Amino acid sequence: MKELIEVIAKALVEHPEEVEVVEKENGHTLVLELHVAPSDMGKVIGKGGRIAKSIRSVVKAAATKTDKKVIVDIL
(Lines give C-alpha, C1' and ligand atoms only; values in the text may rest on other atoms or scores of the structure.)
Protein backbone atom coordinates (compact mmCIF):
# COMPACT_ATOMS: atom_id res chain seq x y z
CA MET A 1 0.00 0.00 0.00
CA LYS A 2 2.79 2.40 0.91
CA GLU A 3 4.46 2.00 -2.47
CA LEU A 4 1.18 2.50 -4.31
CA ILE A 5 0.54 5.86 -2.64
CA GLU A 6 4.15 6.95 -3.23
CA VAL A 7 3.93 6.22 -6.96
CA ILE A 8 0.62 8.07 -7.33
CA ALA A 9 1.74 11.09 -5.28
CA LYS A 10 5.12 11.41 -7.01
CA ALA A 11 3.37 11.51 -10.38
CA LEU A 12 1.19 14.43 -9.24
CA VAL A 13 3.63 16.77 -7.48
CA GLU A 14 6.42 19.11 -8.60
CA HIS A 15 8.74 18.04 -5.77
CA PRO A 16 8.65 14.22 -5.77
CA GLU A 17 11.71 14.02 -3.52
CA GLU A 18 9.62 15.46 -0.66
CA VAL A 19 6.91 12.80 -0.87
CA GLU A 20 6.90 10.58 2.22
CA VAL A 21 4.43 7.90 3.32
CA VAL A 22 4.37 6.68 6.92
CA GLU A 23 2.58 3.44 7.86
CA LYS A 24 0.96 3.01 11.26
CA GLU A 25 -0.85 -0.19 12.16
CA ASN A 26 -3.57 -0.47 14.82
CA GLY A 27 -4.99 -3.99 14.98
CA HIS A 28 -7.11 -4.41 11.82
CA THR A 29 -6.60 -0.79 10.73
CA LEU A 30 -3.71 0.50 8.66
CA VAL A 31 -3.19 4.27 8.66
CA LEU A 32 -1.10 5.70 5.82
CA GLU A 33 0.06 9.29 6.29
CA LEU A 34 1.06 11.11 3.10
CA HIS A 35 3.44 14.04 3.54
CA VAL A 36 4.13 16.39 0.61
CA ALA A 37 5.70 19.81 0.18
CA PRO A 38 3.34 22.66 1.18
CA SER A 39 3.38 24.01 -2.38
CA ASP A 40 2.19 20.61 -3.69
CA MET A 41 -0.68 20.17 -1.24
CA GLY A 42 -3.28 21.52 -3.68
CA LYS A 43 -2.16 19.15 -6.41
CA VAL A 44 -2.62 16.12 -4.15
CA ILE A 45 -5.99 17.25 -2.79
CA GLY A 46 -7.45 18.64 -6.03
CA LYS A 47 -10.54 20.78 -6.56
CA GLY A 48 -13.14 19.87 -3.99
CA GLY A 49 -10.94 16.99 -2.80
CA ARG A 50 -11.49 14.95 -5.95
CA ILE A 51 -7.92 13.72 -6.32
CA ALA A 52 -7.66 12.86 -2.61
CA LYS A 53 -10.92 10.94 -2.87
CA SER A 54 -9.64 9.08 -5.93
CA ILE A 55 -6.39 8.13 -4.17
CA ARG A 56 -8.39 6.78 -1.23
CA SER A 57 -10.65 4.79 -3.58
CA VAL A 58 -7.70 3.16 -5.35
CA VAL A 59 -6.03 2.26 -2.05
CA LYS A 60 -9.29 0.90 -0.63
CA ALA A 61 -9.73 -1.30 -3.70
CA ALA A 62 -6.17 -2.61 -3.36
CA ALA A 63 -6.73 -3.27 0.35
CA THR A 64 -9.62 -5.69 -0.21
CA LYS A 65 -7.06 -8.52 -0.51
CA THR A 66 -5.50 -7.76 2.88
CA ASP A 67 -8.74 -7.89 4.90
CA LYS A 68 -7.76 -4.68 6.73
CA LYS A 69 -9.33 -1.25 6.91
CA VAL A 70 -7.02 1.31 5.30
CA ILE A 71 -7.15 5.04 6.07
CA VAL A 72 -5.20 7.57 4.00
CA ASP A 73 -4.39 10.87 5.72
CA ILE A 74 -2.86 13.72 3.73
CA LEU A 75 -0.72 15.92 5.96
Side-chain angles (χ1 to χ4, degrees):
M1 297 300 149
K2 180 179 178 179
E3 295 82 17
L4 176 63
I5 293 177
E6 284 179 353
V7 169
I8 294 170
K10 286 181 179 181
L12 294 171
V13 299
E14 286 185 26
H15 304 286
E17 68 279 355
E18 293 191 38
V19 172
E20 181 185 359
V21 179
V22 178
E23 279 185 338
K24 295 182 180 178
E25 196 164 337
N26 273 342
H28 291 292
T29 305
L30 179 64
V31 179
L32 298 163
E33 296 178 350
L34 173 61
H35 300 271
V36 296
S39 60
D40 290 328
M41 190 64 73
K43 291 180 175 113
V44 175
I45 295 173
K47 281 189 177 178
R50 286 184 179 172
I51 295 174
K53 197 178 287 187
S54 298
I55 292 171
R56 290 182 177 115
S57 295
V58 169
V59 171
K60 188 179 266 188
T64 56
K65 296 179 183 177
T66 64
D67 197 32
K68 288 189 177 187
K69 182 179 179 185
V70 177
I71 299 171
V72 178
D73 287 335
I74 301 171
L75 306 173

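None of these values were measured; they are calculated from a predicted model.
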With rounding to the nearest 0.5 Å, note down the distance linking [atom1] in [X] to [atom2] in [Y].
{"X": "I5", "Y": "R56", "atom1": "CD1", "atom2": "CZ", "answer": "9.5 Å"}
{"X": "K60", "Y": "I71", "atom1": "NZ", "atom2": "CD1", "answer": "9.5 Å"}
{"X": "L34", "Y": "M41", "atom1": "CG", "atom2": "CE", "answer": "7.5 Å"}
{"X": "I51", "Y": "L12", "atom1": "CD1", "atom2": "CG", "answer": "5.5 Å"}
{"X": "I8", "Y": "E3", "atom1": "CD1", "atom2": "CD", "answer": "11.5 Å"}

Task: Any pair counted as salt bridge (Lys or Arg N to Asp or Glu O under 4.0 Å), so long as it reaches residues 19-29, sequence neighbours left out - done: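 Of all non-adjacent pairs touching residues 19-29, those that pass salt bridge (Lys or Arg N to Asp or Glu O under 4.0 Å) are K24-E33, E25-K68.
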
What I'd like to find out is whether the side chain of [X] reaches to under 4.5 Å of the side chain of [Y], using heavy atoms alone.
{"X": "V31", "Y": "T29", "answer": "yes"}
{"X": "K69", "Y": "L30", "answer": "no"}
{"X": "I74", "Y": "H35", "answer": "no"}

Open item on the list: Test side-chain contact (heavy atoms from CB on, under 4.5 Å) on V13 and V44; report intermediate values, then the result.
Closed with: CA-CA 7 Å; V13 299; V44 175; 3.6 Å; yes

Task: Co-membership, hydrophobic cluster, residues V22 and M1, 4.5 Å side-chain - done: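 V22 and M1: separate clusters.
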
Open item on the list: Is there a path of hydrophobic side-chain contacts, each under 4.5 Å between heavy atoms, that joins L32 and V58?
Closed with: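 Cluster IDs for L32 and V58 match.
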
Open item on the list: Can you list everything that forms a side-chain contact (heavy atoms from CB on, under 4.5 Å) with A37? Sequence neighbours excluded, please.
Closed with: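 For A37, the residues satisfying side-chain contact (heavy atoms from CB on, under 4.5 Å) (neighbours in sequence not counted) are H15, E18, S39, D40.
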
